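So that the names make sense, note that chain A is the first sequence line, chain B the second, and so on, each numbered from 1. Keep in mind that what you see is a predicted model, and the values were worked out from it rather than measured. Side chains are part of it too, since the values below use all heavy atoms of this structure and drop only hydrogens, waters and symmetry mates.
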There are 4 protein chains.
Amino acid sequence: MSAAPRTARGEKTRRRLLEAAEDVFAELGYTEASVSRITDRAGVGQGTFYLYFDSKLQLFEELVEDLNRRVRQAMSEGAASATTRLEAERAGFAAFFRFTAEHPALYRVVREAEFVSPGSLRLHYTRIVEGYIDGLRQAQQDGDIGDIDPTVAAWALMGIGEMIGMRWVLWDDGEGTGAVPDHVLDEMMRFIGGALGRGARRSDEEDS
Amino acid sequence: MSAAPRTARGEKTRRRLLEAAEDVFAELGYTEASVSRITDRAGVGQGTFYLYFDSKLQLFEELVEDLNRRVRQAMSEGAASATTRLEAERAGFAAFFRFTAEHPALYRVVREAEFVSPGSLRLHYTRIVEGYIDGLRQAQQDGDIGDIDPTVAAWALMGIGEMIGMRWVLWDDGEGTGAVPDHVLDEMMRFIGGALGRGARRSDEEDS
Amino acid sequence: MSAAPRTARGEKTRRRLLEAAEDVFAELGYTEASVSRITDRAGVGQGTFYLYFDSKLQLFEELVEDLNRRVRQAMSEGAASATTRLEAERAGFAAFFRFTAEHPALYRVVREAEFVSPGSLRLHYTRIVEGYIDGLRQAQQDGDIGDIDPTVAAWALMGIGEMIGMRWVLWDDGEGTGAVPDHVLDEMMRFIGGALGRGARRSDEEDS
Amino acid sequence: MSAAPRTARGEKTRRRLLEAAEDVFAELGYTEASVSRITDRAGVGQGTFYLYFDSKLQLFEELVEDLNRRVRQAMSEGAASATTRLEAERAGFAAFFRFTAEHPALYRVVREAEFVSPGSLRLHYTRIVEGYIDGLRQAQQDGDIGDIDPTVAAWALMGIGEMIGMRWVLWDDGEGTGAVPDHVLDEMMRFIGGALGRGARRSDEEDS
DNA sequence: AATGAATGAGAGTTCATTCAT
DNA sequence: TATGAATGAACTCTCATTCAT
């Protein structure tokens with residue numbers, strides 16, 4: 001995968017290219033982000049790019065992988081500091097939104113990946129969803145939530161997070177940008193709490 | 001906005017271009033879909049394109065508008081044939097998934113719009129969400145669902161629909177393609193039912 | 001093979017590109033002859049090139065085919081006007097040298113084809129050699145030449161023609177350029193005449 | 001001309017580069033053979049190249065000189081072991097073909113030199129031809145061959161050797177590779193024997 | 001209303017060469 | 001003596017758009 005660093009100097013150049021690429025991709029998207037724009041932003045010559053990456057696409061895929069790893073770590077770390085499961089869930093989403101605000105490329109670039117690198121796109125979503133599934137299974141074993149199908153629920157959670165993030169973190173027309181307002185997070189968690197049958201009652205048992 | 005129809009012949013050419021564009025965009029995405037590919041598929045000369053559209057971008061925006069109108073209509077029609085609100089909701093989502101299967105361009109092209117035409121993207125989601133909001137408000141007035149913030153809930157529903165559609169309708173690796181399995185739709189509706197506090201109890205009243 | 005003419009205008013553009021390419025290839029060789037240099041010389045835009053040829057390589061191969069066809073025709077026509085077989089042979093070589101002088105690309109470009117398009121190279125030589133072989137077989141049946149292996153002899157003749165052409169037609173340092181001096185052609189024909197055992201005596205029968 | 005050897009270690013590096021270059025040029029040709037490929041094959045750093053050669057071109061020219069010297073030596077040595085002039089000639093050609101098989105770069109690289117370094121090309125052929133001319137003059141003085149113009153005959157021999165070598169040594173489609181079959185060499189020598197008027201009679205004296 | 005030949009800006013990528021280490 | 005990271009010019013090729021017919 002890619003080529004040449006090894007030295008400390010090379011490692012630094014590589015990191016600068018990766019960071020420049022994240023910025024440029026976030027601003028312009030994959031297609032409009034030309035290699036020369038990335039190298040300009042990184043402050044290196046155009047040819048230098050190919051010392052570190054095989055192609056624009058390979059850099060893109062590496063970037064998606066990288067961002068995916070980091071967002072999952074951010075979510076775990078966010079959740080880790082919580083004491084109750086509910087708090088942990090909320091903290092996980094909050095960390096996700098924070099990461100989205102700080103790394104808009106994650107969101108923007110992944111969506112464009114549909115055509116550029118479908119594999120990257122699927123891997124990205126699937127990995128996050130797998131984390132949700134594990135959490136939901138655990139919660140079910142602990143009797144914290146209802147018996148909803150964890151896979152379906154996990155993809156639904158993924159969709160909720162993504163759409164709320166898009167609407168309140170990324171859009172900047174109108175009410176608030178860069179962060180999901182507390183009230184929205186509150187309502188979103190209430191929505192999810194209800195959905196998961198918090199309290200271990202299955203939805204069709206509610207009336208009994 | 002663009003030029004030339006007027007005659008019946010012209011109207012037909014225009015429609016053929018729009019349909020060709022939908023196909024080509026769905027297959028290749030906006031960037032990879034060249035004007036010449038669209039005109040080839042439509043069976044007209046390359047120059048003819050500019051008799052009907054100002055630019056590739058304008059065609060794209062018109063297509064997004066068109067698909068948005070059609071998917072909302074499909075959802076209303078789907079819901080209209082139902083007798084209970086619950087059935088209506090389920091039928092609305094089912095119609096959405098059916099439309100996605102028949103017109104993958106809706107989904108694919110809209111995601112790429114993020115960079116190509118952000119306005120189109122926002123308008124698309126906002127219009128669908130507005131429909132949800134209206135429905136949720138009505139349901140609240142009728143006491144069918146809890147007092148969750150309709151705006152937040154509507155965006156959450158949008159996210160759920162999009163993600164489930166992507167996962168089960170569009171992806172073709174592994175289990176099922178082209179249609180959301182009944183079981184998934186069942187679980188998804190149970191998830192949503194719980195989320196909306198079906199039964200009119202607010203989530204913070206549950207314990208009382 | 002290639003694309004777009006059809007109209008008279010297009011046909012003209014294509015011919016101009018082919019002629020420009022022949023000139024530029026002859027001067028600079030395949031590698032140094034950039035597409036933009038060819039289009040400049042042809043007086044058309046750079047993009048126009050790709051309306052008529054799939055790639056630089058495809059144009060090259062087409063050009064080799066074209067030159068091969070023309071040189072063989074020139075050789076036949078040259079030979080046709082002769083009355084005796086000897087005169088015909090001489091006229092064929094003379095036509096070959098004349099063609100080389102007028103179309104130096106034939107020679108130069110074919111030699112570089114070794115790496116660019118080995119198939120073109122082989123086809124070029126093989127076709128000319130096949131013509132020689134046919135002629136030699138006929139001459140043997142008529143008892144005009146000895147029983148030398150026609151294939152070996154034909155390749156030898158090819159080599160002689162190519163090397164003499166290179167030395168006297170293409171090189172311009174020193175004695176004469178652009179044409180093989182009569183004396184050289186005379187000696188060359190004497191060499192060939194002896195080689196072919198003119199007079200139908202096999203070399204090992206000479207003494208008998 | 002170039003820099004740095006002097007030490008034994010340096011001399012060894014230089015030789016390794018030259019050998020690597022011969023291989024890479026033979027495989028890829030001058031244009032496609034990048035300096036980095038040559039240094040990779042030689043097992044040295046990219047910068048090291050310029051310690052020993054001024055440029056890729058200069059290395060190329062040195063290589064052509066080197067191969068030329070070696071092929072001429074191989075031909076002399078081959079011829080030296082023969083007892084009759086005829087055997088010597090045959091042995092010379094055989095050595096030439098053997099060298100071609102072992103060093104395909106000789107042939108391939110020289111042909112591309114047409115555009116890369118015309119001077120190298122001419123020098124290469126001219127030197128070999130001069131050897132032929134000397135040999136032919138000697139044979140004429142000894143009355144072994146006819147009075148054909150030695151220069152024309154020498155270039156013809158050069159062409160024969162090159163074309164037969166290309167056809168039977170280098171091409172690998174079909175009948176035989178890597179070596180000229182005995183039968184072909186036999187016929188070729190018969191062809192040449194006839195051409196040179198073996199037996200000292202001038203071609204215009206044949207009938208007397 | 002319809003065509004398709006023509007354009008040129010700009011894309012991704014390669015590579016001979018330099019130079020600080 | 002040796003290195004390899006860095007460079008930027010140059011390459012082939014694509015494509016939205018124009019316009020004479």
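Of the candidates F:dT12, F:dA2, F:dT17, F:dT17 carries the atom nearest the B:Ser55 side chain, counting heavy atoms from C-beta on. Here E:dA5 is the nucleotide among F:dA16, F:dA5, E:dA5 with the atom lying nearest to any side-chain atom of C:Tyr52. The side chain of A:Leu51 lies closest to F:dT7 when the candidates are F:dA2, E:dT13, F:dT7. Here E:dT14 is the nucleotide among E:dT14, E:dT7, E:dC15 with the atom lying nearest to any side-chain atom of A:Tyr50.
Using a 4.0 Å cut-off between charged side-chain N and carboxylate O, B:Glu65 and B:Arg127 make a salt bridge.
Per the geometry, CG belonging to A:Leu28 stands 14 Å off C1' belonging to E:dG10, to the nearest Å. Atom CZ of B:Phe60 is separated from atom C1' of F:dA16 by 16 Å (rounded to the nearest Å). D:Lys56 places its NZ atom 8 Å from the P atom of E:dC15, with the value rounded to the nearest Å. Straight-line distance from the CZ atom of A:Arg15 to the P atom of F:dA5: 15 Å, rounded to whole Å. Going from atom CZ of D:Phe53 over to atom P of F:dT1 covers 14 Å, rounded to whole Å. When rounded to the nearest whole Å, the span between CD of B:Glu11 and C1' of E:dA1 equals 13 Å. Here E:dA16 presents its P atom at 15 Å from CD of D:Gln58, a figure rounded to the nearest Å. The nearest whole Å value for the distance from the CZ atom in A:Arg16 to the C1' atom in F:dA5 is 13 Å.
Residue A:Ser36 places none of its side-chain N or O atoms closer than 4.0 Å to OP1 or OP2 of E:dG12. A close approach under 4.0 Å does occur between a side-chain nitrogen or oxygen of D:Thr13 and OP1 or OP2 of F:dA2.
Looking at which nucleotide of DNA chain F each of B:Ser34 and A:Phe49 is closest to, the 5′-most match is held by A:Phe49. Closest-nucleotide positions on DNA chain E for B:Gly47 and D:Glu32 were compared, and the one nearer the 5' end corresponds to B:Gly47. Residue A:Gln46 is the one, among A:Gln46 and A:Arg9, whose nearest nucleotide of DNA chain E lies closer to the 5' end (criterion: closest heavy atom).
Here the rule is side chain to side chain contact (heavy atoms under 4.5 Å, CB included) with D:Ser117, and of D:His124, D:Glu61, D:Glu112, D:Arg122 only D:Glu61 fits it. Here the options are A:Arg70, A:Arg108, A:Arg15, the test is salt bridge (charged side-chain N to carboxylate O under 4.0 Å, His left out), and the partner is A:Glu22; only A:Arg70 passes.
Put simply, the side chain of B:Leu18 does not reach to within 4.5 Å of the side chain of B:Tyr52, judged on heavy atoms. In this structure, the side chains of C:Tyr30 and C:Val109 stay at 4.5 Å or more apart for every pair of heavy atoms.
Base pairing analysis places F:dA20 opposite E:dT3; the two distances defining the Watson-Crick or G-U wobble pair are each below 3.5 Å. The base-pairing partner of F:dC11, taking Watson-Crick or G-U wobble contacts with both distances under 3.5 Å, is E:dG12.
Contacts of D:Ala33 with the nucleic acid, taken as non-hydrogen atoms under 4.0 Å apart, involve only primed sugar atoms and P, OP1 or OP2. When heavy atoms are screened at a 4.0 angstrom cut-off, D:Thr48 is found touching base atoms of the nucleic acid.
Donor-acceptor pairing under 3.5 Å is lacking for the side chains of D:Gln46 and D:Thr39.
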